[in-house]
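Down below is the structure, laid out as structure tokens.
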Amino acid sequence: MTLLELVLLIPAAGFLVALLLPKGNPKLVRNFALAVSLVVFLLSLGLIGAVTADPQHMQFERSIQWMQSPAIRYHIGVDGLSLWLVILSTLLTPICILVSWNSIQKNVSLFYAFMLLLLAGVVGVFVSLDLFLFYVFWEISLVPMYFLIGIWGHDKRIYAAVKFFLYTMAGSVLMLGAIIWLYVKSGSFDIPFILDSLGKGRLTLGASEGLWLFLAFFLAFAIKVPLFPLHTWLPDAHGEAPTAGSVMLASVMLKLGTYGIVRICLPLFPDAAKASANWIVVLALIGIVYGALVAMVQPNMKRLVAYSSVSHLGFVVLGIFSFNHFGMDGAVYQMLNHGVSTGALFILVGFLYERRHSLEIVDYGGVATVAPWLTILFVITSLASIGLPLLNNFVGEFLVLQGAAVANFPWAIVAALGVILSAVYMLWLVQRTFYGATPAAVKSHFTDLSPREWAIIVPLVALMLWMGVGSGSFLPAVRSSNDQTLNLVLKSTYARQSSPPAELVGRVTRPDLKESADAR
Amino acid sequence: MPGNYMPSAAELFRFSPELLLTAAGTLLMIFEAITSPKQKRSLPVFAFLSLLAALALAVAASSDPGPAFNRMLQVDGFATFFRVLVMAIGAVTILISTNYLKQAEHEGGEFYSLVLFSVVGQCLMATANELIMIFIGIEVSSIATYVLAGYLRDDKRNNEAALKYFLLGSFATAFLLYGVAWIYGTTGTTNLSGVRGVLLDPQNAPNAILISVALGLVLVGLLFKVSAVPFQSWAPDVYQGAPAPVTAFMATGPKAAAFAAFLRITMWAFEPVKNHWIPVLWFTAIATMIVGNFAALRQSNVKRLLAYSSIAHAGYVLVALTAASKTGTEAAMFYMVSYAAMNLGAFAVIAHVARKGERRVEIDDFAGLGNRQPLTAAIFTVFLLSLIGVPLTGGFFAKFYVFKAALDSQLIALTIVGLLNSAVAAFYYLRLIVIMYMQPAPEGVDTLPEPSLGIRTALVACSLATVVLGVFPSLVLDIAGRGASFIR
């Protein structure tokens with residue numbers, strides 16, 4: 001059993017065990033879930049060495065036949081693209097379990113069991129190299145999140161949970177259709193095998209066929225991302241989910257969509273991806289500006305952060321469809337950044353909620369005077385989210401903007417608008433919540449951070465700083481696996497009108513990012 | 001057939017499961033008359049064991065496949081597949097029924113003997129290689145089921161269900177019989193292989209219009225039995241009115257057998273003229289999926305909801321039939337197995353929650369089940385997820401194989417409609433999960449007793465089957481593949 005399999009299977013086993021643990025003892029289940037998730041996190045750190053040494057090839061690969069007909073393989077592996085996403089998932093799970101420590105009081109064992117199942121599901125999506133397996137994990141991750149929102153959420157939780165499930169389901173059934181179609185054509189679900197067949201010409205997809213398949217996959221991913229105008233499930237799901245649910249949803253589950261685009265849509269259907277790039281970029285740009293504008297006027301903190309996610313994820317999609325190294329690297333880095341900083345924002349909002357029992361901004365004010373540490377951490381996280389230099393989002397957003405500028409300069413102008421607007425809504429939120437007069441209700445409710453809360457938030461804030469100043473620890477692995485994807489996309493015959501200069505396209509190995517970061 | 005025909009020992013062996021069940025059913029009626037009320041407790045055990053014995057015989061008989069009774073029956077892998085399935089369905093039905101009948105104060109041996117007779121009819125439908133045998137099988141199965149639907153004779157809803165089922169069912173079988181007569185008139189035979197031979201023979205090919213009319217009439221009867229649009233309107237009323245265990249049986253056993261006959265007729269006898277029936281099934285499949293799913297969205301009664309859901313599922317199976325291929329046949333066979341497992345399980349839960357007089361069959365009656373009986377709710381959730389088609393359940397692979405078969409045959413539009421339908425369907429199954437887990441039980445709700453031993457056994461068996469089918473589907477698919485080998 002490889003290390004990667006342990007990371008995948010321990011949470012799944014933990015799910016079953018957590019269900020069987022005695023119901024009357026919430027403490028036992030909490031400790032068990034925390035222990036399992038910490039072990040999985042530590043194990044996942046063991047993946048780093050081998051993958052960063054050779055990020056272009058799948059590491060810890062394992063391929064066994066699951067069934068003969070249809071030929072479904074249990075084929076997993078991790079490369080530079082999936083590595084950090086796997087670690088992000090394993091890191092956030094123990095954090096989310098700690099976040100829920102006191103706030104989850106009903107059906108405790110079921111809650112932690114679902115957290116572990118969710119971890120198994122999302123890691124499964126990130127490491128699957130078989131389309132069928134990918135789909136299985138994709139759907140499995142949906143089930144625990146549905147219950148997390150529906151059972152432990154806020155007032156309108158049922159509406160939000162059902163909406164979330166149906167949106168995702170509607171997208172994924174079409175993806176299933178496309179997967180079966182590919183199987184009928186190629187006789188395999190195995191992604192590397194299909195890529196090989198496409199490369200060697202054993203499998204050819206007609207232009208319109210490729211486009212329809214691309215769209216079927218892309219729709220499923222775009223709903224998950226979510227790309228404007230498919231985003232309407234997101235504010236409801238985020239707004240109504242418990243804190244842990246919001247964090248996992250924003251930090252990990254949205255990335256399933258962007259990951260799917262990079263892992264499946266681009267390599268399998270490069271021509272279709274390029275043919276539709278302009279349309280997709282327009283939607284991404286609308287999402288960036290629209291998400292930011294709507295975030296600005298939200299009276300509810302969670303919904304504000306949710307809309308900011310629409311805006312941030314628009315950057316990711318923009319970066320991907322710029323089809324150059326800057327954009328792609330920035331997009332993948334931005335997936336991680338968004339996971340860390342938006343996850344932290346949801347957690348901090350959760351802290352506020354636990355004290356004041358309200359998510360409405362008007363119920364707050366002057367928190368800085370009663371909880372200075374909480375305020376400082378919130379401000380740092382907000383600044384990270386805005387994209388302040390030295391903090392993580394800056395690196396990602398800069399690269400995406402650079403990539404967009406190279407591809408088509410007006411795109412970068414519109415996207416930069418999103419950066420400015422993000423400062424408006426975040427700083428305004430900070431001002432209304434933490435400064436100004438302190439209402440009596442806030443004064444009487446507030447205490448500063450408890451040790452548990454410190455333990456939750458410090459790793460994330462430290463990571464924001466590290467990812468902001470030390471992007472060299474993370475980016476090289478991402479970059480070399482992006483090289484492969486980009487090569488596949490760019491070498492195919494269809495040429496886009498505003499293609500980037502040849503010297504940028506052809507450069508497979510580039511100087512270390514530090515140089516380009518210094519150069520700017 | 002010669003007048004002095006004597007079946008050989010091998011033929012009798014091939015027919016032995018039906019013989020055994022008929023004998024057991026008759027014995028049950030006699031026992032019912034001569035045993036004391038206390039001894040009657042053992043009657044369901046006897047019925048259950050005889051079903052298991054017949055099942056073992058059916059498996060044994062498959063080691064010596066071949067025709068029986070002058071090629072009226074064909075005992076092959078296909079027949080064995082469906083025989084075993086309908087007998088297993090009968091056995092689970094008995095498990096669900098015992099406690100239900102006790103609560104209703106209507107315990108009696110005739111219930112079980114009717115179940116056995118109905119199973120005999122369904123076995124005949126699965127084994128028949130002859131239109132007249134299919135007709136007899138349908139009649140044997142249906143007449144027993146008509147009585148079962150109205151088994152609680154003091155209950156108004158039972159009576160309504162039985163009468164409706166009887167009237168509409170007789171009408172449909174009349175169509176079928178009329179179609180058989182037409183087929184005899186045009187081809188000169190009612191033997192399925194004979195019909196195939198005539199249709200394949202270019203020299204004396206029958207008139208295309210006549211054969212289409214004949215086939216159309218037969219299809220009316222079959223589509224009625226599988227509750228496909230536009231012959232579905234009986235199903236919701238009958239499923240809602242009949243006792244819950246009988247509904248479980250009706251929704252699975254007769255349907256599986258009807259699809260067995262359907263497959264033999266379309267994929268074997270009338271395979272040479274498949275261009276005539278593929279368009280018909282194409283439209284029927286789409287209409288059945290859409291009507292079933294969209295009508296189910298608006299139901300508040302759980303039995304009625306599952307009735308519409310079973311209409312929708314018939315639509316998915318029809319998609320597999322429309323594919324008109326070996327993979328399509330395998331997919332349909334696999335579908336019936338996983339459909340039977342999840343539906344029997346779901347109805348078992350309903351029978352358990354409904355209790356005496358079936359006063360608790362509204363969706364709201366399931367509120368808070370996740371807290372009141374976590375295990376029952378969890379198992380019900382497995383069935384519902386399987387009905388939605390979530391991976392790692394049998395329902396997922398069932399749909400997967402169906403749509404794969406459809407895409408193999410280039411039925412793209414049909415596949416897309418089917419896939420979108422399964423997203424719509426998620427909504428009404430989720431409503432049940434929502435109610436069980438996300439809404440508290442109303443104040444002052446009476447306590448739900450623990451499920452009886454029979455129900456518990458049925459739930460464990462069905463949920464295990466659902467999960468195993470979802471993880472190792474090839475166990476059943478390979479058998480289905482061998483069964484479907486009569487298709488080229």
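First the proteins, then the strands, lettered A, B, ... as listed; each starts at 1.
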Region of [X] in contact with chain A, defined by heavy-atom distances below 4.5 Å:
X: Asn371(B); value: side chain
X: Thr381(B); value: side chain
X: Leu407(B); value: both
X: Thr415(B); value: neither

Show me, pair by pair, the donor-acceptor contacts under 3.5 angstrom made by side chains of residues 427-438 of chain B, not counting sequence neighbours?
{"residue": "Tyr428(B)", "atom": "OH", "partner": "Asn293(B)", "partner atom": "OD1", "Å": "2.5"}
{"residue": "Tyr429(B)", "atom": "OH", "partner": "Ser309(B)", "partner atom": "OG", "Å": "3.0"}
{"residue": "Tyr429(B)", "atom": "OH", "partner": "His313(B)", "partner atom": "NE2", "Å": "3.1"}
{"residue": "Arg431(B)", "atom": "NH1", "partner": "Leu297(B)", "partner atom": "O", "Å": "3.1"}
{"residue": "Arg431(B)", "atom": "NH1", "partner": "Gln299(B)", "partner atom": "O", "Å": "3.2"}
{"residue": "Arg431(B)", "atom": "NH2", "partner": "Gln299(B)", "partner atom": "O", "Å": "3.2"}
{"residue": "Tyr437(B)", "atom": "OH", "partner": "Ala378(B)", "partner atom": "N", "Å": "3.3"}

Evaluate the criterion side-chain contact (heavy atoms from CB on, under 4.5 Å) for residue pair Gln439(B) and Ile158(A); output intermediate values, then yes/no. CA-CA 9 Å; Gln439(B) 285 184 2; Ile158(A) 294 175; 3.7 Å; yes

Compare all side-chain heavy atoms of [X] with those of [Y] and state whether any distance is below 4.5 angstrom.
X: Ile412(B); Y: Trp212(A); result: no
X: Tyr183(A); Y: Asp408(B); result: no
X: Leu166(A); Y: Val424(B); result: no

Does any heavy atom of chain B fall under 4.5 Å from the side chain of [X], the backbone, both, or neither of them?
X: Leu110(A); value: side chain
X: Leu142(A); value: neither
X: Ile140(A); value: side chain

Between Ala170(A) and Ala423(B), the two heavy atoms sitting closest are CA-CB, 3.8 Å

Does any N or O in the side chain of Trp66(A) come within less than 3.5 Å of the main-chain N or O of Val471(B), such that one atom is a donor and the other an acceptor?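 Yes; at least one donor-acceptor contact below 3.5 Å.
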
Could you go through Val173(A) and Phe403(B), starting from their C-alpha distance and side-chain angles, then the distance that decides it, and tell me whether this counts as side-chain contact (heavy atoms from CB on, under 4.5 Å)? CA-CA 11 Å; Val173(A) 289; Phe403(B) 294 128; over 6 Å; no

Which one of Phe165(A), Tyr146(A), Phe137(A), Trp138(A) has the most heavy-atom pairs closer than 4.5 Å to chain B?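 Most heavy-atom pairs within the cutoff with chain B belong to Tyr146(A).
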
Most contacts with chain B, counted as non-hydrogen pairs under 4.5 angstrom, among Met169(A), Lys106(A), Lys185(A):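 That would be Met169(A).
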
Spacing of Trp181(A) atom CH2 and Lys404(B) atom NZ [to the nearest 0.5 Å]: 13.0 Å

Examine Tyr135(A) together with Phe400(B) and report whether their ring centres are nearer than 6.0 Å. no

Can you confirm whether Phe294(B) is buried at CZ, in the sense that more than 12 heavy atoms of other residues, nucleotides or ligands lie under 6.0 Å from that atom? no

